[in-house]
Each structure stands twice: as structure tokens, then as C-alpha cells.
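Scope of the values below: all heavy atoms of this structure, side chains included, with no hydrogens, waters or symmetry mates. One-based numbering, in listed order, for ligands and for the atoms of each.
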Amino acid sequence: MESPEFCSDSQNGESAFADVPFAPEPLVYAVMAAFREDPSPLKLNLGIGVYRTEKTVYIPKPTYSNHPNFFSSVGLVVKTYRYYDLATHGLDFQGLLEDLSFAPPGSIVLLQACGHNPTGVDPTIQEWEQIRQFIRSKGLLPFFDSAYQGLVSGNLDADAQSVRLFVTDGGESLIAQSYSKNMGLYGERVGALLIVCKTAEVAIEVESQLKLVIRPMYSNPPIHGASMVTAILKDREMYNEWTSDLKKMNDRLINIRQKLVNTLRDKGTPGDWSHIIRQVGMYSLSGLSQDQIAFMTKEYHVYMSSDGRISMAGLSSRTVPHLVEAIHAAVTRVI
Ligand SMILES: Cc1ncc(COP(=O)(O)O)c(C=O)c1O
């Protein structure tokens, strides 16, 4: 019977929490927050006990546009290594090795495991082996971004070959594995960071540092998407259905590439478009110029990134003729 009175008193009077003392933020978080808010380009965070070295990262040129953001946002110096040869529309293998030869030992080398975004150009398995030997002999640290496993050959194992070459050689590697594309879970943010360490002791130390990074960033990961992935990976029937879906998706991407090139050839569109068939995965770097793309957008309502990248997944048999009309007009009218 007393409680309604107490309730109305406390609503009108002082807060029930008025006597709760202010708890100071743990010092380490306060320093981190102050660091984040400081706009100075000279800022230097020596507060948190995360191991740092003179850590430069080398990323391919070109690469997924978000890669430089990830690394520069954590204070790493970002340099590029040659990857794409504009003349052949293929891999600039010599350029890649030459540029990496300037990387000091301990530098991180970002490698896309398969289905390179935006070029659609992957090293052959022999080239991967040479890259592996080179990276190991120079004491560089490979960091794989695996975002398209299964979408290049239609086979998960074949698309993991590059990563497995490095993982089985006894050296250390980092692998960022995404399930956004190959499980269609883009909105769920499902993936994993795997760090292969030389010894169990080092792995425990590295894990402890990762927890320091994770705790203030997201504390606990969302569970929904990860449970879907776990269910599929653990159930033989669902796993088989997933892998056969991947094969179908891959076959469709290959068919669309072929159809696009055939239609360009049938129409007599100037240029050698065979690189579209040689390139793999979801993307093709078409070679169309920025002006040609702007023309295609204005006149033909074709939207694509200004670097000339075509996302093959966005095309269908029905829309190929329209794209070919647009490309034909662009390359014949916009030089
Ligand atoms: C090479 C590459 N890595 C990572 C991503 C994004 O992965 P996630 O959705 O897991 O952040 C993409 C594309 O969205 C990509 O092309």
C-alpha cells in the first residue's frame, strides 16, 4: 500500500539515482576516446597496450575501394604494388614482384584470395607459388582478403588454393573470410578473421590483443547470421545444397561473360573484348574510359563504377543486348 505514494514522491522529487556516484571511465578507454576526438594529423596513440610495429601495408593497385580506408583508419602507412597490366588486361606479375621487393621485412601484403575486385584477374597457381616463396623469403606478412570463395571456379576448395599454399607452409598469415557474397548474407555482417601463428603460445598472445581491439569496437558479435552459416556448414545436406548453388551461380557468371563478348563481336564493336572471358569471378575491368561510362549513363541509363568495372552478377541474358548497344555507341562515339 505504501508503494504508490513512494512512486509519486520519487517522480516529483529527486531522482532515485541521485546518490549514485560518478564512475570514472577505465583510463584506457578515456585515453582512446580522447585520441579519437583529437583532429590533429600529428596525433599519436601510445595509450593502449596493443602491439604495434612500424607495420606498412602494401595493397594491390587497383583494389577494393575500401581497403585503403581500413588500413589508414588504424594508422598504417598504405603503399601500393602493381597488379593490373592495362595493356594485356591481365596480371602485371613482374611489376608485382618488383614493387614488393622494396617492402621492408615485416610489412603486410594484402592479397585477394580469389576473384580479385575490381579486375577479375587472379594469379595462376604457379604464380601464387612464386608469390608465396617471394613473400616468405622477404619476411613479409600475408593478409588474405577472401570475399569470393566459390564464386570463381564454382568450387570452394579450388578457390581456397592460394590461401592454403600459405597456411600449409608453416609460416604466419592473416585471413579475412567473408560470407557476404558466397552465402548472400551481405546485410548480416558475417565473416571471420583467422590468424595463423607459428606456435600455440604466440596464438594466445595474439588473441589477447584482438580482444583488446574488439572490446571497445563491438564487444560481442551479432549472432543471427553466424548461426545461419554454422547451420549450413554443419549439416551435410544443406552444405551440399549450398555448394551446388555456388556452382550454378558460377556457371551463370561464366555464361554471361561469354554472351557479352559474343554479342559485342556479332555487333562488330571495335576492340578486343576477350579479356572479359579470361577474367574471373564477379567482376571484369572492361577498359571503358570514364567519359565513355558517363556517356553510357547519360544516353543509355547504364550505371557502373567510373573505373570501368562491370559487375557480371548485375547482367542477365535479357539485359546483355542493351549493354552492348551502349558499349558500341560509347566506343564508336566517345574517343
Ligand atoms: C575484396 C573485398 N573484400 C571485402 C568485401 C566486403 O566484405 P564484407 O561484406 O564481409 O565486409 C568486398 C565487397 O564488398 C570485397 O570486394
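- In terms of modelled atom types and a separation under 3.5 Å, the side chain of His116 and the main chain of Tyr64 share no donor-acceptor contact.
- When hydrogens are left out, the protein atom nearest atom 13 (C) of ligand 1 is Lys181 NZ, 3.0 Å; that is the closest non-hydrogen contact.
- A side-chain N or O of Ser284 and one of Gln279 form a donor-acceptor pair less than 3.5 Å apart.
- Judged by distance alone, the side chains of Ser40 and Asp38 never bring a donor and an acceptor atom under 3.5 Å apart.
- Judged purely by atom type and a 3.5 angstrom limit, Asp122 uses its side chain to pair as donor or acceptor with the backbone of Gly115.
- Compare Ala176, Ser178, Ser65, Ser146 by their heavy atoms: the one nearest to atom 10 (O) of ligand 1 is in Ser178.
- Near Tyr186, the atoms of ligand 1 lying under 4.0 angstrom from a non-hydrogen atom of the residue are 9 (O), 13 (C), 14 (O).
- Taking every heavy atom of Asn117 and a limit of under 4.0 angstrom, the matching atoms of ligand 1 come to 15 (C), 16 (O).
- Counting heavy atoms closer than 4.0 Å to ligand 1, residue Tyr179 contributes nothing at all.
- Classification of the Tyr148-Tyr283 ring pair by plane angle, with boundaries at 30° and 60°, yields perpendicular.
- Side chains of Asp272 and Ser274: a donor on one and an acceptor on the other come within 3.5 Å.
- Residue contact check: Asp145 has heavy atoms under 4.0 Å from atoms 1 (C), 2 (C), 3 (N), 4 (C) of ligand 1.
- Looking only at distances, no side-chain donor or acceptor of Ser107 sits under 3.5 Å from a matching main-chain atom of Ala103.
- At the shortest separation from atom 5 (C) of ligand 1 among protein heavy atoms lies Tyr64 CE2, 3.4 Å.
- Applying the 4.0 Å criterion to heavy atoms of Ser180 picks out, from ligand 1, the atoms 8 (P), 9 (O), 10 (O).
- In summary, the atoms of ligand 1 found under 4.0 Å from a heavy atom of Gln112, numbered by their order in the structure, are 1 (C).
- For atom 11 (O) of ligand 1, the nearest protein heavy atom (residue, atom name, distance) is Arg189 NH2, 2.7 Å.
- Within the structure, salt bridge (Lys or Arg N to Asp or Glu O under 4.0 Å) contacts touching residues 159-185 (residues at least two apart or in different chains) are Arg132-Asp169, Arg136-Asp169, Asp157-Arg164.
- When only non-hydrogen protein atoms are considered, atom 15 (C) of ligand 1 lies nearest to Tyr148 OH, 3.5 Å.
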